Amino acid sequence: MSLVVYNTLTRKKEEFKPLVEGRVRIYVCGPTVYDYSHIGHAKTYVAFDTLVRYLRWSGYNVRYVQNITDVGHLLDSGEDRILKGAARERIEPMEIVERYTRAYFDDMDALGVQRPDISPRASAHIPEQIEMIKTLIAGGHAYESNGSVYFAVASYTDYGRFSGRKVEEMAEGTRKPVLEEKRNAEDFALWKKAAPEHILRWSSPWGWGFPGWHIECSAMSTKYLGDTFDIHGGGVDNIFPHNECEIAQAEAATGKPFANYWLLTGSLTVDGVKMSKSLGNFVTLRDLLKKHRPEALRFFVLSGNYRSPIDFSDEALEAAAKGWARLAAPAQAVRERLRSPNLPQGADEGLAGVIAEARAAFVAAMDDDFNSAAALAGLFEFNKIVNTLLNAEASVAQGTLQAIGAFYGETAGQVLGVLSGQSATAANADREAGLIRLLIELRAEARKRKDFATGDAIRNRLAALGVALEDGKEGTSWKL
RNA sequence: GGCGACGUCGCCAAGUGGUAAGGCAAGGGUCUGCAAAACCCUCAUUCGGCGGUUCAAAUCCGCCCGUCGCCUCCA
């Protein structure tokens with residue numbers, strides 16, 4: 001079995017073959033840092049985080065580059081998003097950038113999204129972008145006009161292939177008047193002359209200005225990953241114009257294919273419609289994380305295919321949170337059980353076979369275009385076996401518990417990231433576990449005396465603190 | 001209008017030619033001092049609709065209906 005991915009470039013599933021055996025170079029379009037990140041970011045970046053985690057777990061050496069857009073991304077109104085944020089909060093543009101870049105990483109850290117290997121800032125790569133624009137002009141793919149530089153779409157025959165659009169039709173669909181300084185309506189900006197009030201500006205061969213939104217991705221991806229690299233990721237909503245333009249610029253500049261595989265995540269709607277501030281259905285991650293565990297959010301995202309659209313609602317997340325709790329329970333129980341002394345030694349041979357099967361099912365699911373939903377279904381089926389085992393009369397041997405724990409740790413933990421790690425520091429966790437066990441023992445004594453009032457009080461007080469007690473054949477166990 | 005995607009149980013969702021995974025919710029049972037958790041059983045002869053291809057279709061083709069996303073130049 002080998003990894004198969006859906007390649008938007010060819011619109012079909014293909015066997016994944018990296019340029020260099022055992023090595024993957026991947027670039028994913030990152031956020032524009034002018035406001036807090038939202039649930040849509042979570043969907044895309046949890047998906048790619050899981051993808052990268054899986055590739056690494058499969059043995060690939062991965063270099064993951066994800067840009068930070070801090071210049072050049074304009075709104076419909078023509079305002080620069082960063083400048084708008086700066087005006088809103090009355091601070092320096094670069095303060096906005098810094099504030100929301102930190103917030104972005106904080107939110108992603110909370111979600112267990114591992115940081116990309118390189119997070120290049122567009123504003124820190126102006127020279128590279130200028131170089132690429134100069135190359136494009138020299139090659140006849142771009143022209144300067146009135147202090148701005150435009151990409152000459154007519155010079156690149158494949159323009160429109162990726163998004164399935166025809167240049168002629170696009171010209172017809174134009175809604176707004178075409179700038180006179182452009183040769184053709186479909187030409188797009190590589191470098192924009194800065195208006196006097198546009199304070200985010202750099203010196204260039206064409207005067208003071210700022211780069212177009214698309215050029216940063218072409219320049220930074222090829223800088224860190226090479227002219228041609230393996231995977232380019234992003235969201236489907238950027239397929240046109242952003243990705244289309246990226247490809248045109250990069251291939252026209254280097255004369256080589258850009259990315260071999262394009263993996264795009266489906267869009268996210270909230271209560272059935274696109275999320276937008278004006279509709280009041282904008283959900284930021286920091287608000288969501290106040291109400292839900294990050295693992296539940298990951299579970300929500302991973303219970304669908306990364307390519308499928310997903311609709312967010314409170315009820316949907318509520319259901320996901322419950323599903324997550326059920327998924328994670330046996331892994332937590334195994335971990336707790338391993339703490340107890342006097343475990344029988346050895347390991348169950350039969351269960352080793354069951355684990356091997358579960359592992360094969362997990363790999364088969366993930367190898368099929370990162371089908372995390374099917375992978376989770378497999379884990380649920382494995383759970384059933386583990387739960388039955390844990391509830392059985394006979395004590396489970398230490399080796400068996402360790403093998404189960406290791407399996408959960410790799411699949412649900414290392415790859416999917418939906419298993420909560422050890423809480424706080426090890427020392428605190430040990431102390432906490434000891435205190436809880438003391439209370440469990442006191443409760444057991446009370447119950448032995450038929451003093452159920454005391455027993456229930458202990459259980460209720462602990463429950464209020466988020467510690468659930470469960471009475472079983474092996475005595476009482478607990479979980480957070 | 002153009003391009004793309006989607007429509008599978010009350011809800012979420014996997015399944016892309018071989019006879020419908022999984023989760024949430026619901027009903028019944030076992031266990032328990034009571035709970036909780038867990039386990040067992042039940043829950044889509046059917047995959048938006050209508051045709052077609054095939055021995056065989058949720059899966060392929062056509063038409064229709066519905067939902068969502070994108071539509072440069074200022075991204």
Side-chain angles (χ1 to χ4, degrees), chain A residues 8 11 13 32 69 72-81 148 150-151 153 159-160 163-179 181-189 192 212-215 235-242 244-246 264 266-269 272-274 299-300 303-305 307-311 313 315-327 329-330 333 361 365 368 371-381 383-392 447 450-452 455-456 459-460 463 468-473 476-477 479:
Chain A
T8 299
R11 311 226 178 241
K13 280 188 182 178
T32 300
T69 297
H73 193 179
L74 307 180
L75 292 157
D76 276 344
S77 58
E79 295 167 280
D80 184 295
R81 289 169 197 257
S148 292
Y150 293 95
F151 185 87
V153 167
Y159 190 82
S163 58
R165 281 157 213 267
K166 292 186 174 60
V167 173
E168 313 83 65
E169 287 171 3
M170 285 188 279
E172 285 168 19
T174 296
R175 296 177 301 185
K176 298 171 188 171
V178 178
L179 282 180
E181 62 193 45
K182 294 204 309 186
R183 288 183 195 163
N184 290 297
E186 62 272 18
D187 292 350
F188 57 89
K192 288 295 289 182
W213 174 38
H214 315 305
I215 193 73
V236 271
D237 31 345
N238 275 337
I239 196 165
F240 190 86
H242 185 60
E244 185 75 64
C245 295
E246 259 185 88
L264 303 178
S267 52
L268 178 134
T269 51
V273 292
K274 186 181 168 73
F299 180 92
F300 172 70
S303 59
N305 186 286
R307 284 191 286 126
S308 302
I310 191 171
D311 185 47
S313 64
E315 304 80 72
L317 194 56
E318 213 59 61
K322 285 182 188 162
W324 170 78
R326 233 174 88 77
L327 177 78
D368 181 15
N371 191 337
S372 51
L376 286 172
L379 292 180
F380 273 110
E381 291 189 20
N383 271 3
K384 213 167 249 194
I385 296 166
V386 174
N387 279 327
T388 303
L389 193 69
L390 292 177
N391 282 329
R447 292 175 70 213
K450 302 277 183 205
D451 178 5
F452 295 121
D456 289 350
R459 184 172 63 193
N460 293 338
L469 297 191
E470 293 168 4
D471 297 332
K473 296 216 166 66
T476 301
S477 60
K479 68 181 180 191

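Reminder, nothing fancy here: chain letters follow the sequence lines and each chain counts from 1. Everything numeric here is computed off the predicted structure, so don't read it as measured data. What's counted below: heavy atoms across the whole structure, side chains too, no hydrogens, waters or symmetry copies.
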Restricting to nitrogen or oxygen on both sides, can you table the protein-nucleotides 9-15 of chain B pairs closer than 3.5 Å?
| unit_1 | atom_1 | unit_2 | atom_2 | d |
| --- | --- | --- | --- | --- |
| B:A14 | OP1 | A:N305 | N | 3.0 |
| B:A14 | O3' | A:N371 | ND2 | 2.9 |
| B:G15 | OP1 | A:N371 | ND2 | 2.9 |

Base, sugar-phosphate or nothing for [X]? Non-hydrogen atoms, less than 4.0 Å.
X: A:D471; result: base
X: A:E381; result: sugar-phosphate
X: A:G272; result: sugar-phosphate
X: A:H214; result: sugar-phosphate

Taking N and O atoms by type only, does the side chain of [X] place a donor or acceptor under 3.5 Å from a partner on the base of [N]?
X: A:R326; N: B:G23; result: no
X: A:D456; N: B:A35; result: no
X: A:R307; N: B:A5; result: no

Legend entry - Under the salt bridge (Lys or Arg N to Asp or Glu O under 4.0 Å) test, residues paired with A:D237 that sit two or more places apart: none

Inset, instruction - Would you mind reading off the distance between A:E244 atom CD and B:G2 atom C1', rounded to a whole angstrom? - result: 15 Å

Of the options [options], whose atoms approach the side-chain atoms of [X] most closely?
X: A:Y159; options: B:G33, B:G2, B:U72; value: B:U72
X: A:N391; options: B:A21, B:A38, B:U72; value: B:A38
X: A:F240; options: B:C34, B:G22, B:C71; value: B:C71
X: A:A377; options: B:G69, B:A21, B:A37; value: B:A21

Please list, for nucleotides 41-43 of chain B, all pairs of protein and nucleotide N/O atoms separated by less than 3.5 Å.
none

Inset, instruction - Indicate whether A:F380 forms a stack on B:G23; treat it as stacked only if centroid distance is below 5.5 angstrom and interplanar angle below 30 degrees. - result: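 Aromatic stack with B:G23 absent for A:F380.
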
